[in-house]
Amino acid sequence: MKSTGVVRRIDDLGRIVIPKEIRRTMRIKDGENLEIFVDKEMITLKKFSKMGDIEDISDQLVNIIYNNIKKDILITDRDKIIACSNSLKKSFMLKNISKYLESIIEKRTKIVESSLTNIELVENEVNKFSYIIYPINVNGDIMGLFIILSSSDNISTIDEKIANIVSQFLEKYLEE
């Protein structure tokens, strides 16, 4: 474990302030949940992601869909890509999502781009795809995104229906 060299005092209510630089580096936003782990004399804080509970099922789901429609699939949480079809794993898996995808999460909207367009999916990497992006909405909070990508202009209404069905499935799965 790497030391930051930062020391903070605990106030009389048991609170500690995480420095702004660390919050920015770790992409911790105001109001976000942190999970607390204790191991002997060590306390560890980790960003909490409900989407972390579905990484196994997401991986299987992505591969099943890819095998049937032959289009690349990504699933994100609010910070990184948590599942993707095999051809994209090296390029995208566990990388931080781009500011563009963060803005879609904030806007809480679906996006359909049926013609080839430049898109930044992960930080500082632009690719050309046609795509569908559906938010995964759990109890009013956007937990991540379901994305179908095509390297040609062949996004169809069936792809849109698949994206809608899968995002609804993930929403229901996470609500339980």
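All residue numbers in this chain count up from 1 along the given sequence. Side chains included, hydrogens not; waters and symmetry mates left out as well; all remaining heavy atoms used.
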Kindly give the heavy-atom pair with the smallest separation between [X] and [Y], and that separation in Å.
X      : Y      : answer
Val166 : Phe146 : CG1-CE1, 3.4 Å
Ile142 : Arg78  : O-NH1, 2.8 Å
Ser167 : Pro135 : CB-O, 3.8 Å
Ile155 : Ser130 : CG1-OG, 3.3 Å
Asp77  : Ile97  : O-CD1, 4.2 Å

Student check: side-chain heavy atoms of [X] and [Y] closer than 4.5 Å:
X      : Y      : value
Leu101 : Leu145 : yes
Ile147 : Ile132 : no
Thr76  : Ile136 : no
Leu74  : Phe92  : yes
Leu170 : Tyr134 : no

Would a single hydrophobic cluster contain both [Y] and [X], if residues Ile, Leu, Val, Met, Phe, Trp and Tyr are joined by side-chain heavy-atom contacts under 4.5 Å?
X      : Y      : result
Ile64  : Ile73  : no
Tyr100 : Val126 : no
Ile57  : Met143 : yes
Ile165 : Leu61  : no
Ile36  : Ile18  : yes

For a side-chain contact (heavy atoms from CB on, under 4.5 Å) with Leu88, tell me which candidate from Asn127, Leu121, Asp72, Val62 qualifies. Asp72
Donor on one side chain, acceptor on other, Gln168 and Asn164, under 3.5 Å: yes
Ser115 and Glu113: side chain donor to acceptor below 3.5 Å: yes
Under the side-chain contact (heavy atoms from CB on, under 4.5 Å) rule, what do Ile104 and Ile111 come out as? Steps first, then yes or no, please. CA-CA 8 Å; Ile104 293 171; Ile111 305 287; 3.8 Å; yes
For a side-chain contact (heavy atoms from CB on, under 4.5 Å) check, start with the C-alpha distance between Ile75 and Ile81, then their side-chain angles and the critical distance, and finish with the verdict. CA-CA 6 Å; Ile75 298 176; Ile81 297 186; over 6 Å; no
Those residues at least two apart in sequence (or on a different chain) that pass side chain to side chain contact (heavy atoms under 4.5 Å, CB included) with Arg9 are none
Any residue meeting side chain to side chain contact (heavy atoms under 4.5 Å, CB included) with Asp59, in chain and number order, not counting sequence neighbours: Asn63, Lys89
Examine distances only and state if a side-chain atom of Ser85 and a backbone atom of Ser87 form a donor-acceptor pair shorter than 3.5 Å. no
For Gly140, is there any backbone N or O sitting under 3.5 Å from a side-chain donor or acceptor partner on Arg108? yes
Pairs where residues 13-23 contributes a residue and the test side-chain hydrogen bond (donor to acceptor under 3.5 Å, both in side chains) is met, not counting sequence neighbours: Asp11-Arg15
Rounded to the nearest 0.5 Å, how far does [atom2] of [Y] lie from [atom1] of [X]?
X      : Y     : atom1 : atom2 : answer
Thr44  : Leu34 : OG1   : CG    : 12.0 Å
Cys84  : Tyr66 : SG    : OH    : 12.0 Å
Asn154 : Ile69 : CG    : CD1   : 9.5 Å

Of all pairs that satisfy salt bridge (Lys or Arg N to Asp or Glu O under 4.0 Å), the ones with a partner from residues 118-140, not counting sequence neighbours: Arg27-Glu123, Lys95-Glu125
Could you note down all residue pairs passing salt bridge (Lys or Arg N to Asp or Glu O under 4.0 Å) where residues 140-159 supplies at least one of them, sequence neighbours left out? Lys71-Asp159
For Ile133 and Ile119, what are the C-alpha separation, side-chain angles and deciding distance, and is it a side-chain contact (heavy atoms from CB on, under 4.5 Å)? CA-CA 12 Å; Ile133 302 174; Ile119 180 172; 4.1 Å; yes
Transitive ILVMFWY cluster of Leu94 at side-chain heavy atoms under 4.5 Å: who else is in it? Met93
Would you indicate whether Ile158, at its atom CD1, is surrounded by more than 12 heavy atoms from other residues, nucleotides or ligands within a distance under 6.0 Å? no
After noting the C-alpha distance and the side-chain angles of Tyr131 and Leu116, does the key distance pass the side-chain contact (heavy atoms from CB on, under 4.5 Å) rule? CA-CA 8 Å; Tyr131 54 88; Leu116 285 173; over 6 Å; no
